[in-house]
Amino acid sequence: RPRVLSGIQPTADSFHFGNYLGALRQWVDLQRDHQPFFFIADLHAITVEQDPKVLRERTLRAAAQLLAMGIDPERSAIFVQSQIPAHAQLSWVLQCLTGFGEARRMTQFKDKSAKGGEGAASVGLFTYPILQAADILLYRPHYVPVGEDQRQHLELTRDLAQRFNHRYKKTFRLPEPYILKSTAKITDLQDPTAKMSKSASSPGGIIELLDDPKVSAKKIRSAVTDSGSDIRFDVEEKPGISNLLTIYSSLTARSIADLEEEYAGKGYGDLKKDLADVVVDFVTPFRDRTLELLEDQQQLSDVIEQGRQTASEVAQATLADVWQRVGFVAAN
Ligand code: ATP
Ligand code: MG
């Protein structure tokens, strides 16, 4: 079975619809005929300041959410990044293969450091894509299911893999991005040209999976829509309506064309009202299940420990190859 690997940061109390439709839903589907490694990226989370107690809580909440959406620990290794030291270790070697200018070209650093200014951003935020390359390459996956915002980092990962393989010896597999075109970028409900994001979206712009469903319904009903009144999919002219249609279509498995036909002659209000119902029906059982899982912290730690063991074996084997090829003297 081909291997897949992906991660998600514990940077909020809840995942949002962008995470779910852009990435996590594919995780669930890929379990059927792939060998998956899924991790909670707490090393990435501290590229911006985190409260230690909150970070620990959010890491467990992330695990609970993954289980609630259908990640099965018997099929998938679910693990916590900081528990596998090989990620940080391989990252160092890859940093030494990365050009400074090459790292500078990563647009997510520009986006994420824009607020406080580049001078205030951490060096960790700058080198984050290289840690991400290490996360991926350690497991030699065939595919990496992510949203569109990660495509550039995947390219860097492939470049670094190729460079290492060429300079030393073939060690890494070149992973392919697995990006679903239709849901690759879910946008902010209040600013439909920007991506929905845990750290950048305003509360009204983001639908959190664990929000009170009534709150989510209200956010859908207050989503910013476009001028005009016809309901059709057109990202350029109608980014707000197009985003709502994308969410609607992917939650109901109905085609966009089918929805356009149903809403021909109806108003934005009708679409929003119906979508709010669809969203409530989806999030209510998910939220109940997550809250139930969070009551049993022992079970969550057991799942993470099982994942750590599976992941550690694979990661250690790759790291040992790398250490030997780079020319480090083996310890006795
Ligand atoms: P942060 O703002 O802290 O970076 P995030 O919302 O970008 O958080 P991540 O944990 O960085 O979430 O990303 C997890 C996964 O979700 C990645 O595969 C990413 O590509 C995907 N993703 C994030 N936002 C969106 C979005 N708006 N649309 C589609 N996919 C998304
Ligand atoms: Mg992100």
Side-chain angles (χ1 to χ4, degrees), residues 4-30 36-51 54-55 58-59 61-63 65-66 69 71 80-81 106-116 121-122 124-125 128-129 131-132 135-136 141 143-157 175-203 205-210 223 235 239-240 242-244 246-247 249-251:
V4 296
L5 171 126
S6 198
I8 184 151
Q9 302 190 62
T11 38
D13 287 341
S14 170
F15 298 149
H16 57 74
F17 266 54
N19 300 140
Y20 179 69
L21 297 176
L24 300 173
R25 201 166 60 156
Q26 283 66 261
W27 295 16
V28 177
D29 295 342
L30 284 165
F37 291 82
F38 297 133
F39 68 97
I40 300 161
D42 53 350
L43 295 179
H44 286 286
I46 65 162
T47 53
V48 297
E49 193 176 340
Q50 303 291 339
D51 176 321
V54 174
L55 179 61
R58 286 176 169 174
T59 302
R61 282 176 86 86
Q65 289 175 81
L66 294 179
M69 70 183 51
I71 304 293
V80 176
Q81 185 188 25
M106 297 297 122
T107 55
Q108 201 165 91
F109 175 74
K110 292 180 198 156
D111 295 346
K112 285 200 170 185
S113 62
K115 237 193 266 163
S122 70
L125 187 63
Y128 150 121
L131 175 59
Q132 193 175 332
D135 299 334
I136 296 167
Y143 302 105
V144 183
V146 285
E148 182 62 39
D149 60 320
Q150 296 300 324
R151 187 186 291 280
Q152 193 189 30
H153 294 167
L154 245 300
E155 275 307 311
L156 176 70
T157 301
E176 300 285 343
Y178 183 94
I179 299 175
L180 274 203
K181 215 170 153 228
S182 56
T183 53
K185 184 179 169 190
I186 301 297
T187 62
D188 186 306
L189 296 182
Q190 291 299 318
D191 176 8
T193 55
K195 78 159 195 150
M196 187 181 285
S197 147
K198 289 196 230 96
S199 52
S201 289
S202 67
I206 183 170
I207 315 178
E208 299 201 326
L209 298 180
L210 296 179
V235 176
S242 301
N243 193 41
L244 296 181
T246 299
I247 296 173
S249 156
S250 45
L251 287 180

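All figures in this text were calculated on a predicted structure; none of them were measured in a lab. Note that ligands are numbered from 1 as they come in the structure, with each ligand's atoms numbered from 1 the same way.
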(message) Heavy-atom distances under 4.0 Å decide this one: backbone, side chain, both or neither, for Lys185 against ligand 1?
(response) backbone

(request) Identify, for atom 11 (O) of ligand 1, the protein heavy atom at the shortest distance, and state residue, atom and that distance. (result) Gln9 NE2, 3.2 Å

(message) Out of all atoms in ligand 1, which are within 4.0 Å of some heavy atom of Met196? Include the element for each.
(response) 24 (N), 25 (C), 26 (C), 27 (N)

(message) Among all protein heavy atoms in this structure, tell me which lies nearest to atom 30 (N) of ligand 1, with the distance rounded to 0.1 Å.
(response) Gly18 O, 3.1 Å

(message) For atom 20 (O) of ligand 1, what is the closest protein heavy atom, and at what distance to 0.1 Å?
(response) Asp149 OD1, 2.5 Å

(request) Using a strict 4.0 Å cut-off to heavy atoms of Gln150, name the atoms of ligand 1 that fall inside it. (result) 20 (O)

(message) Can you tell me how far apart OH (Tyr178) and OG (Ser6) are? Round to the nearest 0.5 Å.
(response) 12.0 Å

(request) Name the orientation class of the two ring planes belonging to Tyr128 and His153 (parallel below 30°, tilted from 30 to 60°, perpendicular beyond 60°). (result) perpendicular

(message) In the structure I gave you, are the side-chain heavy atoms of Glu208 and Phe17 within less than 4.5 Å of one another anywhere?
(response) no

(request) Please say whether more than 12 non-hydrogen atoms of neighbouring residues, nucleotides or ligands are located less than 6.0 Å from CZ in Phe109. (result) yes

(request) With heavy atoms only and a cut-off of under 4.0 Å, state how His16 meets ligand 1: side chain, backbone, both or neither. (result) side chain

(request) Using a 4.0 Å heavy-atom cut-off, say whether Ser199 meets ligand 1 through its side chain, its backbone, both or neither. (result) both

(request) For atom 3 (O) of ligand 1, find the nearest protein heavy atom and state the residue, atom name and distance (0.1 Å precision). (result) Thr11 OG1, 3.0 Å

(request) Below 4.0 angstrom from a heavy atom of Thr183, which ligand 1 atoms are there? Numbered from 1 as shown, please. (result) 29 (C)

(message) For a 4.5 angstrom cut-off between non-hydrogen side-chain atoms, does Ile206 reach Asp188?
(response) no

(message) Students should be able to answer this: which protein heavy-atom is nearest to atom 4 (O) of ligand 1, and at what distance?
(response) Lys112 NZ, 2.6 Å

(message) Show, in sequence, the C-alpha distance, side-chain angles and deciding distance for Thr59 and Asp42, and conclude whether the side chain to side chain donor-acceptor pair (under 3.5 Å) test is met.
(response) CA-CA 7 Å; Thr59 302; Asp42 53 350; 4.8 Å; no

(request) Report the member of Ser197, Pro177, Gly147, Ala12 with the shortest heavy-atom distance to atom 21 (C) of ligand 1. (result) Gly147

(request) Look at atom 16 (O) of ligand 1 and say which protein heavy atom is nearest, naming residue and atom and giving the distance to 0.1 Å. (result) Asn19 ND2, 3.1 Å

(request) Starting from atom 10 (O) of ligand 1, locate the nearest protein heavy atom and write down its residue, its atom name and how far away it is, to 0.1 Å. (result) Lys198 NZ, 2.7 Å

(message) If I take atom NE2 from residue His16 and atom NZ from residue Lys195, how far apart are they, to the nearest 0.5 angstrom?
(response) 6.0 Å

(message) Is there a polar contact, in the sense of an N or O pair closer than 3.5 Å, between Ser6 and ligand 1?
(response) no

(message) Would you compute the distance between atom CG of Asp111 and atom CG of Asp149 and round it to the nearest 0.5 angstrom?
(response) 9.5 Å

(message) Less than 4.0 angstrom from a charged side-chain N to a carboxylate O is my criterion; do Arg58 and Asp13 meet it?
(response) yes

(request) Heavy-atom contacts with Ile8 under 4.0 Å: which atoms of ligand 1 show up? List them by number with element. (result) 10 (O), 14 (C)

(request) Look up atom NZ in Lys185 and atom CG in Asn243, then write down how far apart they are to the nearest 0.5 Å. (result) 9.5 Å

(request) Between His44 and ligand 1, find which residue part has any heavy-atom pair under 4.0 Å and reply side chain, backbone, both or neither. (result) neither

(message) As an exercise, state the distance from CG of Leu5 to CG of Leu30, rounded to the nearest 0.5 Å.
(response) 11.5 Å

(request) Could you tell me whether the side chains of Gln132 and Thr157 share a donor-acceptor contact shorter than 3.5 Å? (result) no

(request) Number the atoms of ligand 1 from 1 as they appear, then name those within less than 4.0 Å of a heavy atom of Val146, with their elements. (result) 18 (O), 20 (O)

(request) Find the distance between CG (Asn19) and CD (Gln65) and round it off to the nearest 0.5 Å. (result) 9.0 Å

(message) Using a 4.0 Å heavy-atom cut-off, which part of Ala184 comes near ligand 1: side chain, backbone, both, or neither?
(response) backbone

(message) So is Gln108 touching ligand 1 or not, going by heavy atoms under 4.0 Å?
(response) no

(request) May I ask you to identify the nearest protein heavy atom to atom 7 (O) of ligand 1, giving residue, atom name and distance to one decimal place in Å? (result) Lys195 NZ, 2.6 Å

(request) Number the atoms of ligand 1 from 1 as they appear, then name those within less than 4.0 Å of a heavy atom of Gly22, with their elements. (result) 29 (C), 30 (N)

